[in-house]
Amino acid sequence: MSRLVAISNRVSLPRKGASSGGLAVGVLAAMRAHGGLWIGWSGEVAAGQIGGIDSTRRDRLAFATFDLSRAEHEGYYLGFSNGALWPLFHNFLQAFHYSPEQYATYLSVNRRFADHTVPLLRADDLVWVHDYHLLPLGSCLRAQGATQRLGFFLHIPFPGFGVFRALPVHRELLEALLAYDLVGFQTRDDLAGFHAAVCEVFGAAALLPDGSVRAAGRQVRAEVFPIGVDVAEIQQASAAAPATEAYRRMVAGLLGRRLIIGVDRLDYSKGLVERFQAYEDFLARYPQNHHDVTFVQIAPLSRTDVAEYAVIRRALEQASGRTNGRFADPDWTPVRYLNKNVPHAALMGYLRAAKVALVTPLRDGMNLVAKEFVAAQDPEDPGVLVLSSLAGAARELTTALLVNPYDVSAVADALQTALWMPRPQRRERFEAMMAVIRGNDIHAWIRRFLEGLQGSPSGRSTAALRPSAISLSLARSTGRSAATPRAPPSSDSSTGQAKKRMVENSPSTDPWK
Ligand code: GDG
């Protein structure tokens, strides 16, 4: 098989016990299965001059990383990616901020990704680009002459056209996606959103009967590839967790009370405020559970530089304080709220120890925690998953207790139902979900996407294409001709000029995106 080149905003170097967020879980699994090269931002913001690319090998995998300048970090990462695309694609228009300057930086950083990538590519590489930070990367790679098969996977939802059109550059970005050979989405809802946008922007004739899109001189396949989890690894880790110190301490701290668990990056899309309200409502309306349950919410901080995240953090501190103030006794703390990163093995053990998982995002591309919770259960005595119908995972895990996360009292009722559900019913629901996540685990996801990409008609004919709107826009923003390939970056670690730095995932500095 061809070499795999994965490109994502942030490269997450494998580290023993390290936390791997949603995207990193998938990319790392693909790298481990196929070998190859992972290219992306180091996670470092350079104070002065930005260097070239840093190459390193870890666990027999190759990584090529580079730093961002402060202006790039602000405009591309905090600004357009996480201040415009993330909220918009999750239907949070109140948090959506658009700035043409940030968009220009987003485009120029995408071009820098291409600058670093093109010199490293081999003729028959399969290139797999991940997520919303890099929507126009395919177009940038093509503009620099890349003829390899290019695939793109969107980990987050694709919005309906009524929302997507609020982005002033929606047409340009949609057209940029056509530079790929294969575009993948988490659910059929996301694919439908993409198709709707294609029909609105390019006309209904652009949508072919098999779901491919033909427009702007390109043809691209578009399909659904729901991401999965490593079921076997989670089963092993969760079963072995009782031997770990972290697990023993957590369980000892429960004093025999039943555990309700939530695990989420601290993000407004995860519905944490509403979840805390639901738990408070549950304690108020079902007092028979007092002293018998503990709700542990693990919520490591993320994107702390984006204003909306500071707001949500304060709201959660208030909500947990209010619930504990209202219901706690000297010998019972109803909510334990941790802004901490828990090691993976212990986390899988916590999931197994829990009687109920509250996975109630207001919007989520998939939500791996829901699948991890199912995989981690003891098949003889499984816990119950309370799952938001607005998470992509709800499309597959249909025997979870599905809830609307905005309906706080309904979530409280579901929690009560889950805690008192008889074992035969729990097993029946669990077995149905297990069959789904086994049949579509992380390995199946990787295999299906890469087979799809390998089978795509190659992008070799692109030389004949007219420059796309995006390459013209890039040219405008940098004063360069769209048709002129850019010289590879001069500084490379192989020449010894690049500054060498070991990059680690710091648990407190956004290991995910
Ligand atoms: C994006 C999309 C999509 C969380 N806390 C800790 C920890 N985690 C791990 C979980 C899980 C991952 O992080 C989170 O994945 P999610 O899927 O829940 O959410 P996002 O990070 O928003 O991921 C999402 C995903 O990409 C994949 O396509 O499902 O919809 O938003 O694996 O276990 N891991 C450790 N300690 C923690 O404290 N070790």
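Computed from a predicted structure; not experimentally measured. Each ligand, and each atom within it, is numbered from 1 in the order the structure gives. Computed from heavy atoms alone, side chains included, the values below leave out hydrogens, waters and symmetry copies.
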Just heavy atoms, cut-off under 4.0 Å: does [X] contact ligand 1 by side chain, backbone, both, or neither?
X: Asp267; result: neither
X: Lys340; result: backbone
X: Leu347; result: side chain
X: Ile298; result: side chain
X: Lys270; result: side chain
X: Asn341; result: both

Does [X] come within less than 4.0 Å of [Y], counting only side-chain N to carboxylate O?
X: Asp381; Y: Arg427; result: no
X: Asp125; Y: Arg3; result: yes
X: Arg429; Y: Glu431; result: no

Within-cut-off N or O pair, [X] and ligand 1, under 3.5 Å:
X: Asp364; value: yes
X: Asp264; value: no
X: Ile227; value: no
X: Met366; value: yes
X: Val342; value: yes

Answer yes if the side chains of [X] and [Y] hold a donor-acceptor pair under 3.5 Å, and no otherwise.
X: Arg426; Y: Gln377; value: no
X: Trp86; Y: Ser81; value: no
X: Asn404; Y: Asp407; value: no
X: His97; Y: Glu308; value: yes
X: Tyr279; Y: Asp281; value: no

Distance filter under 4.0 Å to [X] heavy atoms, resulting ligand 1 atoms:
X: Gln186; answer: 3 (C), 28 (O)
X: Gly365; answer: 30 (O)
X: His344; answer: 39 (N)

is_close_aromatic(Trp41, Tyr77), centroid dist under 6.0 Å: yes
His344/Glu233 under side-chain hydrogen bond (donor to acceptor under 3.5 Å, both in side chains): CA gap, chis, key distance, verdict: CA-CA 11 Å; His344 172 78; Glu233 185 277 330; 3.1 Å; yes
contact_flag Trp86 ligand 1 heavy-atom lt 4.0 Å: yes
Selected option - heavy-atom contact closest to atom 5 (N) of ligand 1, from Leu266, Leu368, Val263: Val263
